[in-house]
Enquirer: 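So that we are looking at the same thing, I have put the structure below in structure tokens.
The shown structure was predicted, so the numbers you read here are calculated from the model rather than taken from an experiment. Numbers here are sequence positions counted from 1.
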Amino acid sequence: QVQLVESGGGLVQAGDSLRLSCAASGRTRSSYAMGWFRQAPGKEREFVAASDWSGTIIYYGDSVKGRFNISRDNAWMTVYLQMNSLKPEDTAVYYCAVANTHVVQTTSSQYNYWGQGTQVTVSS
């Protein structure tokens, strides 16, 4: 089993920044891709960002390109999501996840371990 714990969410104003962290523990290895997804009330889960096992191949969802940055520290089995220029439409519960492969993935079905989520609320 792999446990993922997100932190760093909160209530901010439009234009502010937040940094989310996700620490992995349990039967996990640094050789897996990791990603971030989000889900707003009444909407489907949306891909935000993902990194391959090395942190060198990275994908972003169209709505966050140029504003968000994903990084990972394999020594500490932690993945980060730096969110800048936040908008009210970024309001959602943010989930980190570990994929079942070392290759970067953008679809939720390729992830088999999920955190409990952290709420991000951006006021206008």
Enquirer: Honestly curious: do L86 and V64 fall in one hydrophobic cluster under the side-chain, below-4.5 Å linking rule?
Expert: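 Both belong to a single hydrophobic cluster.
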Enquirer: Sequence neighbours excluded, which residues qualify as side chain to side chain contact (heavy atoms under 4.5 Å, CB included) partners of S63?
Expert: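 Once residues adjacent in sequence are excluded, the partners of S63 under the side chain to side chain contact (heavy atoms under 4.5 Å, CB included) criterion are R38, E46.
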Enquirer: Could you tell me whether a side-chain N or O of T91 sits under 3.5 Å from a main-chain N or O of V122, the two making a donor and an acceptor?
Expert: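 Checking the backbone N and O of V122 against the side chain of T91, a donor-acceptor pair under 3.5 Å is found.
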Enquirer: Does D62 come within less than 4.0 Å of K65, counting only side-chain N to carboxylate O?
Expert: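 Here D62 pairs with K65 in a salt bridge, since their nearest N and O are under 4.0 Å apart.
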Enquirer: For the residue pair F47 and Q105, establish whether any side-chain heavy-atom pair is separated by less than 4.5 Å.
Expert: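 Side chain of F47 against side chain of Q105, heavy atoms only: no contact under 4.5 Å found.
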Enquirer: Check whether R72 reaches the backbone of G55 with its side chain - one donor and one acceptor, N or O, closer than 3.5 Å.
Expert: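 Pair absent, no side-chain N/O of R72 close to backbone of G55.
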Enquirer: List the atom pairs, donor and acceptor, that lie under 3.5 Å between side-chain atoms in residues 11-21 and the rest of the protein, sequence neighbours left out.
Expert:
from, atom 1, to, atom 2, distance (Å)
D16, OD2, Q13, N, 3.1
S17, OG, N84, OD1, 3.0

Enquirer: If I compare all heavy atoms of L81 with all of A49, which pair ends up nearest, and what's the gap?
Expert: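 Heavy-atom minimum between the residues: CD1-CB, 4.1 Å.
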Enquirer: Would you confirm whether N74, through its side chain, and W53, through its main-chain N or O, come within 3.5 Å as a donor-acceptor pair?
Expert: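 Such a contact is found between N74 side chain and W53 backbone.
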Enquirer: Aromatic rings F68 and Y94: how do their planes relate, parallel, tilted or perpendicular, breaks at 30° and 60°?
Expert: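 F68 vs Y94 ring planes: tilted.
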Enquirer: Residues in side chain to side chain donor-acceptor pair (under 3.5 Å) with Q116, at least two apart?
Expert: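 Q116: side chain to side chain donor-acceptor pair (under 3.5 Å) contacts with E6.
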Enquirer: Same hydrophobic cluster for I58 and V48, using side-chain heavy-atom links shorter than 4.5 Å among ILVMFWY?
Expert: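 Yes, because I58 and V48 connect within a single hydrophobic cluster, where side-chain heavy atoms sit under 4.5 Å apart.
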Enquirer: Could you list the residues that satisfy salt bridge (charged side-chain N to carboxylate O under 4.0 Å, His left out) with D52, not counting sequence neighbours?
Expert: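 Listed in chain order: nothing, the list is empty.
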Enquirer: Given the rule that I, L, V, M, F, W and Y join up when any side-chain heavy atoms are under 4.5 Å apart, are Y32 and V79 in one cluster?
Expert: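 The answer is yes; both residues are in one hydrophobic cluster.
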Enquirer: Could you check whether any side-chain heavy atom of Y60 comes within less than 4.5 Å of a side-chain heavy atom of I70, counting everything from C-beta outward?
Expert: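 They are in side-chain contact.
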Enquirer: Rounded at 0.5 Å granularity, tell me how far SG in C96 sits from CH2 in W114.
Expert: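 So the SG of C96 and the CH2 of W114 are separated by 9.0 Å.
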Enquirer: Side chains of residues 97-104: which donor-acceptor pairs under 3.5 Å do they make with residues two or more places apart or in other chains?
Expert:
from, atom 1, to, atom 2, distance (Å)
T101, OG1, V103, N, 3.1

Enquirer: Can you list the steps and then say if M83 with W36 is a side-chain contact (heavy atoms from CB on, under 4.5 Å)?
Expert: CA-CA 12 Å; M83 305 185 295; W36 288 94; over 6 Å; no
Enquirer: Are the aromatic rings of F37 and Y111 close, with centres under 6.0 Å apart?
Expert: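 Yes, they do, as the ring centres are separated by less than 6.0 Å.
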Enquirer: How long is the straight-line distance from NZ of K43 back to CD of E89, given to the nearest 0.5 Å?
Expert: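 It is 8.5 Å, given to the nearest 0.5 Å.
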Enquirer: Are the side chains of Y80 and N69 in contact, using a 4.5 Å heavy-atom criterion?
Expert: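 Side chain of N69 against side chain of Y80, heavy atoms only: no contact under 4.5 Å found.
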Enquirer: Looking at residues at least two apart in the chain, or sitting in another chain, which of them share a side chain to side chain contact (heavy atoms under 4.5 Å, CB included) with A23?
Expert: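 For A23, the residues satisfying side chain to side chain contact (heavy atoms under 4.5 Å, CB included) (neighbours in sequence not counted) are T78.
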Enquirer: Could you check whether any side-chain N or O of S124 sits under 3.5 Å from a backbone N or O of P88, counting only pairs where one atom can act as donor and the other as acceptor?
Expert: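 Not at all, since once roles are kept as given, no pair shorter than 3.5 Å links the two residues.
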